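Just the heavy atoms: all of them, side chains too, but no hydrogens, waters or symmetry mates, feed the values below. Because the structure is a prediction, the values reported are computed rather than measured.
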Amino acid sequence: MIENGSSILERHKVSVVGSGAETLVLIPGFGTEQSAWRHVVEAMQDRYRIVVFDLVGIGPGNQMHYDHASYGTLDAYARDVVAILETLWIEKCICIGHSVAGMVAALASIRMPHLFAKLVLLGGSACYRNVGDYRGGFDTAGIDALIDNATQDYMRWTVQFGQMVVSRPAEDPVVREFAASLRAMRPDMALSLLLTVLRSDVRSRLAEVTVPAVILQAREDAAVTREAAEYLRDHLSGSVLEILDASGHLPHLSAPGTVIAALGRHLS
């Protein structure tokens, strides 16, 4: 079945705001929705046309369209990104992807490089696992323990996971927001998707990326190691890496001014 443009835009809750000659495309990462970009949108909508949308199942907004068979790999999400851009007749956009969405954007750029002028990978990682000499941050036992804890008490786990990801105490507003977003997701779908993310490995695909990339990485990030960020820099041709003076995996929520300033430096 071939989808029409309106159904694609509706499924992903696509919104277009702002004005400007250049187009920014903002893609949220695991456990968040497009609202996570609100600080960036507010700061940059006077200078750019901004497109925001939700990936299927990534956040609580459109889990009705998610099933593991269809979205068992990141390539499925890359196809969706390309479909959205083509539906909106967007070419040469600046695409900013948070966390796993950064890798989704990179895979989309491999499919259709002419749609992208630049990639910005915020807290991105080509592989979250420790594999051989590569240090992605998670070993098999750690992933198993993460899933076991979530399976035993999902509601409690959302707070614990939120604290780890945001690197702030449970009462922090960003931790509360992230935990609430996780709680709004169906636990079985959330954990299925989390496993897909943690088991993903696109290191072998990085050489295929021809679009210039900027890697923005928080100084302290429990989800992505410094080594993983440096690996992206070393394997994405012509890329640059900036270490942000921020902590946590959601700096666009916990330190939006720092992220916005970095975007201003790299997008100008």
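Taking 4.5 Å as the limit, every side-chain heavy atom of T23 sits out of range of all side-chain heavy atoms of I50. You'll find the side chain of V82 stays beyond 4.5 Å of the side chain of I84, heavy atoms only. At least one side-chain heavy atom of L216 sits less than 4.5 Å from a side-chain heavy atom of L263. You'll find the side chain of S125 stays beyond 4.5 Å of the side chain of M103, heavy atoms only. Residues L119 and V209 form a side-chain contact, since some pair of their non-hydrogen atoms from C-beta on lies under 4.5 Å apart. Between K118 and L267 there is a side-chain heavy-atom pair separated by less than 4.5 Å. W37 is listed as a side-chain neighbour of V40, based on a closest heavy-atom distance under 4.5 Å. The side-chain heavy atoms of L241 and I243, taken from C-beta on, include a pair separated by under 4.5 Å.
Taking CE of M185 as the start and OG of S192 as the end, the distance is 10.0 Å to the nearest 0.5 Å. Atoms CZ and CZ, on R135 and R129 in that order, are 12.0 Å from each other to the nearest 0.5 Å. L194 CG to F30 CZ: the interatomic distance, rounded to the nearest 0.5 Å, is 4.5 Å.
Hydrophobic clustering (side-chain heavy atoms under 4.5 Å, transitive across Ile, Leu, Val, Met, Phe, Trp, Tyr) groups L244 together with I260. Connection of L121 to V165 is established within a shared hydrophobic cluster, with ILVMFWY side chains joined at heavy-atom distances below 4.5 Å, either directly or through further cluster members. The hydrophobic clustering, which links ILVMFWY residues whose side-chain heavy atoms are closer than 4.5 Å, places F116 and V52 apart. The hydrophobic clustering, which links ILVMFWY residues whose side-chain heavy atoms are closer than 4.5 Å, places L250 and V41 apart.
The two residues P28 and L55 have their closest heavy-atom pair at O-CD1, 4.3 Å. Residues S181 and G31 approach most closely at OG-O, 2.5 Å, considering heavy atoms. Listed here is the closest heavy atom pair of L107 and A78: CB-CB, 3.7 Å.
Relative ring orientation between F53 and H12 is described as perpendicular, the plane-to-plane angle rising above 60° on a 0-90° scale split at 30° and 60°.
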Begin with the C-alpha distance, continue with both residues' side-chain angles, and end with the deciding distance and a verdict on side-chain contact (heavy atoms from CB on, under 4.5 Å) for L146 and F161.
CA-CA 9 Å; L146 191 69; F161 188 64; 3.9 Å; yes

Before you tell me yes or no, could you show the steps for S99 and H249 under side-chain contact (heavy atoms from CB on, under 4.5 Å), namely the whole-Å CA-CA distance, both residues' side-chain angles and the distance that decides it to 0.1 Å?
CA-CA 8 Å; S99 189; H249 191 56; 2.8 Å; yes

Stepwise salt bridge (charged side-chain N to carboxylate O under 4.0 Å, His left out) test for R168 and E177
CA-CA 12 Å; R168 293 190 177 182; E177 178 179 343; over 6 Å; no

Start with the C-alpha distance between E230 and R226, add both sets of side-chain angles, then the distance that settles salt bridge (charged side-chain N to carboxylate O under 4.0 Å, His left out), and finish with yes or no.
CA-CA 6 Å; E230 292 172 344; R226 176 77 169 259; 3.3 Å; yes

Show your working on salt bridge (charged side-chain N to carboxylate O under 4.0 Å, His left out) between R265 and E242 and close with a plain yes or no.
CA-CA 10 Å; R265 289 190 291 274; E242 179 175 345; 2.4 Å; yes

Walk me through it: do H252 and H98 pass the test ring pair (Phe, Tyr, Trp, His ring centres under 6.0 Å)?
CA-CA 9 Å; H252 51 317; H98 170 239; 4.4 Å; yes

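No hydrogens or angles considered: a donor-acceptor pair under 3.5 Å links the side chains of D221 and Q217.
Counting heavy-atom neighbours within 6.0 Å of R199 CZ, excluding the residue itself, gives a total of 12 or less. Remark: E227 CD is packed, more than 12 non-hydrogen atoms of other residues, nucleotides or ligands lying under 6.0 Å away. Residue R219 qualifies as enclosed at atom CZ: its count of foreign heavy atoms under 6.0 Å is above 12.
A donor-acceptor pair is defined here as one N or O able to donate and one able to accept, closer than 3.5 Å; such a pair exists between the side chain of N130 and the backbone of G136. With D54 contributing its side chain and Q34 its backbone, the two residues share a donor-acceptor pair below 3.5 Å. A donor-acceptor contact shorter than 3.5 Å is absent between the side chain of S239 and the backbone of V214. Under a 3.5 Å cut-off, the side chain of R49 and the backbone N or O of Q45 do not form any donor-acceptor pair. A donor-acceptor contact shorter than 3.5 Å is absent between the side chain of Q160 and the backbone of A150. R205 places no side-chain N or O within donor-acceptor distance of the main-chain N or O of V202, the cut-off being under 3.5 Å. Between the side chain of S247 and the main chain of E220, no donor-acceptor pair closer than 3.5 Å is present. At least one donor-acceptor pair under 3.5 Å links the side chain of Y77 to the backbone N or O of V56.
Remark: R203 is positioned above the aromatic ring of Y134, its terminal NZ or CZ atom under 6.0 angstrom from the ring centre and at most 45 degrees off the axis.
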